[in-house]
Amino acid sequence: MWCDAVLFDMDGTLVDTEGLWWECVALVAAEFGVPLGEADVPHVYGRTIADTAAYLAPGDAAPVADRLGEEFDLRVAAGVELLPGALELLAELGDAGIPTALVSASPRSVVDRVLPLLDGHEFKTTVADGETARGKPHADPYVEAVARLGVVAARCVAVEDSPTGIAAARAAGCRVFEVRHGRLPTLRELAD
């Protein structure tokens, strides 16, 4: 087999939630009187709620984190779109007998809302924000997923869309396929 497992990010990789996350952050930032612009993108996309809150309100992040969590959960509950090719790729990996994991910077409540949309695909494990000591861009979430799967990171491919997630997967020792412009790889591209 060409790899031991494929590890997927969720937001911006399998589901189109990055726009929802930005809306949520912009709303909450405005509520707390924090200006938000293009220069803030690297501190928002692919980041955990806690990291984003700490960036927006370094002195008192807890209320900002609570609001971010509430708003993002509401938006995801209202419905999200799968990225084109997501279900097909997951089905091909399942048919090929290649284990998959979901490694997300979103909290468990959001991950659990999205999982049923993935057409019954069974990930061997899922890792959500708060389930490791540190979140992305640290390697911890990927290290945890690899350990739960009982595989070697160097024989895994991570599918990621953000610089934060790419850094985390690489730091864990995984090969990385970068999703650009919402285009997921085919099974053949992953194997190359």
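Note that these values count all heavy atoms, side chains included, but never hydrogens, waters or copies made by symmetry. Position 1 is the first residue of the sequence; numbering continues from there.
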| query | Do V28 and V64 have side chains that get closer than 4.5 Å, going by heavy atoms? | reply | yes

| query | Any Lys/Arg nitrogen of E144 or R134 sitting under 4.0 Å from an Asp/Glu carboxylate oxygen of the other? | reply | no

| request: Show your reasoning for whether side chain to side chain contact (heavy atoms under 4.5 Å, CB included) applies to V6 and F177. | output: CA-CA 10 Å; V6 177; F177 185 96; over 6 Å; no

| task | May I have the step-by-step check of side-chain hydrogen bond (donor to acceptor under 3.5 Å, both in side chains) for H43 and T52, ending in yes or no? | result | CA-CA 6 Å; H43 305 284; T52 303; over 6 Å; no

| Exam field: side chain E131 to backbone A128, donor-acceptor pair closer than 3.5 Å | yes

| query | Side chains of D4 and P99: does their closest heavy-atom pair fall under 4.5 Å? | reply | no

| task | For Y45 and W21, run ring pair (Phe, Tyr, Trp, His ring centres under 6.0 Å): C-alpha distance rounded to whole Å, both residues' side-chain angles, the deciding distance at 0.1 Å, then the answer. | result | CA-CA 8 Å; Y45 283 129; W21 177 237; 8.6 Å; no

| Side-chain heavy atoms under 4.5 angstrom apart, residues restricted to Ile, Leu, Val, Met, Phe, Trp, Tyr: same cluster for V157 and L184? | yes

| query | Quick one: do F72 and V25 end up in the same hydrophobic cluster if we chain Ile, Leu, Val, Met, Phe, Trp and Tyr together by side-chain heavy atoms under 4.5 Å apart? | reply | yes

| remark: Between G46 and T164, the two heavy atoms sitting closest are O-CG2, 3.3 Å

| field | Non-hydrogen atoms of L68 and A53 that approach each other most closely | value | CD1-N, 3.9 Å

| field | Side chains of D11 and T17, donor plus acceptor under 3.5 Å | value | yes

| Just wondering, do P185 and L89 contact through their side chains at under 4.5 Å, heavy atoms? | yes

| task | Could you tell me whether E81 atom CD has more than 12 heavy atoms of other residues or ligands within 6.0 Å of it? | result | no

| remark: So SG of C174 and CD1 of I166: to nearest 0.5 Å the spacing works out to 12.5 Å

| request: Report the C-alpha distance between T126 and S104 in whole Å, list the side-chain angles of each, state the deciding distance to 0.1 Å, and finish with yes or no for side chain to side chain contact (heavy atoms under 4.5 Å, CB included). | output: CA-CA 8 Å; T126 62; S104 182; over 6 Å; no

| message | Looking at E189, is its backbone amide N or carbonyl O close enough to the side chain of T186 to form a donor-acceptor pair, meaning the two atoms are under 3.5 Å apart? | response | yes

| field | Candidate pair K136 and D51, rule salt bridge (Lys or Arg N to Asp or Glu O under 4.0 Å), full reasoning | value | CA-CA 9 Å; K136 299 174 185 180; D51 285 349; over 6 Å; no

| Donor-acceptor contact below 3.5 Å, side chain R47 vs main chain P42 | yes

| field | Test item: E160 and E178 side chains (from C-beta on) under 4.5 Å apart, heavy atoms | value | no

| query | Is the shortest heavy-atom distance from the side chain of V110 to the side chain of M10 under 4.5 Å? | reply | yes

| If every non-hydrogen atom of R67 is compared with every non-hydrogen atom of F32, which pair is closest and at what distance? | CG-CE1, 4.0 Å

| request: To the nearest 0.5 angstrom, please state how far the CD atom of E70 sits from the SG atom of C24. | output: 9.5 Å

| task | Answer yes or no: is there a side-chain heavy-atom contact under 4.5 Å between E71 and V76? | result | no

| request: For L149 and T100, work out which heavy atoms get closest and say how close. | output: CD2-O, 4.4 Å

| field | Cluster link V127 to V151, ILVMFWY, side chain under 4.5 Å | value | no

| message | To check you understand the geometry: which heavy-atom pair defines the closest contact between V179 and T13, and what is its length? | response | CG2-CG2, 4.0 Å

| Which distance, rounded to the nearest 0.5 Å, do you find between the CG of D119 and the CG of L87? | 5.0 Å

| Within the distance-only criterion (no hydrogens, no angle test), does the side chain of D112 pair as donor or acceptor with the backbone N or O of S109 below 3.5 angstrom? | no

| query | Does the pair D129/R108 count as a salt bridge with the N-to-O cut at 4.0 Å? | reply | no

| note | The reported gap from CG in L102 to CG in D9 (rounded to nearest 0.5 angstrom) is 7.5 Å

| Steps toward side chain to side chain contact (heavy atoms under 4.5 Å, CB included) verdict (L83, L14) | CA-CA 5 Å; L83 285 174; L14 293 175; 6.0 Å; no

| task | Compare all side-chain heavy atoms of V103 with those of F8 and state whether any distance is below 4.5 angstrom. | result | no

| said: For residues V176 and V146: do they belong to one hydrophobic cluster (side chain heavy atoms under 4.5 Å, members Ile, Leu, Val, Met, Phe, Trp, Tyr)? | reply: no

| query | Heavy atoms, side chains only, cut-off 4.5 Å: are D73 and R113 in contact? | reply | yes

| task | Spell out, yes or no, whether L118 and L20 are grouped together once hydrophobic residues are joined by side-chain heavy atoms under 4.5 Å, including indirect joins. | result | yes

| To the nearest 0.5 Å, what is the distance between CG (L82) and CG (L90)? | 9.0 Å

| query | Salt-bridged, D161 to R180, with N to O below 4.0 Å? | reply | no

| field | Between CG on residue L36 and OH on residue Y55, distance to nearest 0.5 Å | value | 7.5 Å

| What pair of heavy atoms forms the shortest contact from L190 to W2, and how long is it? | O-CZ3, 3.4 Å

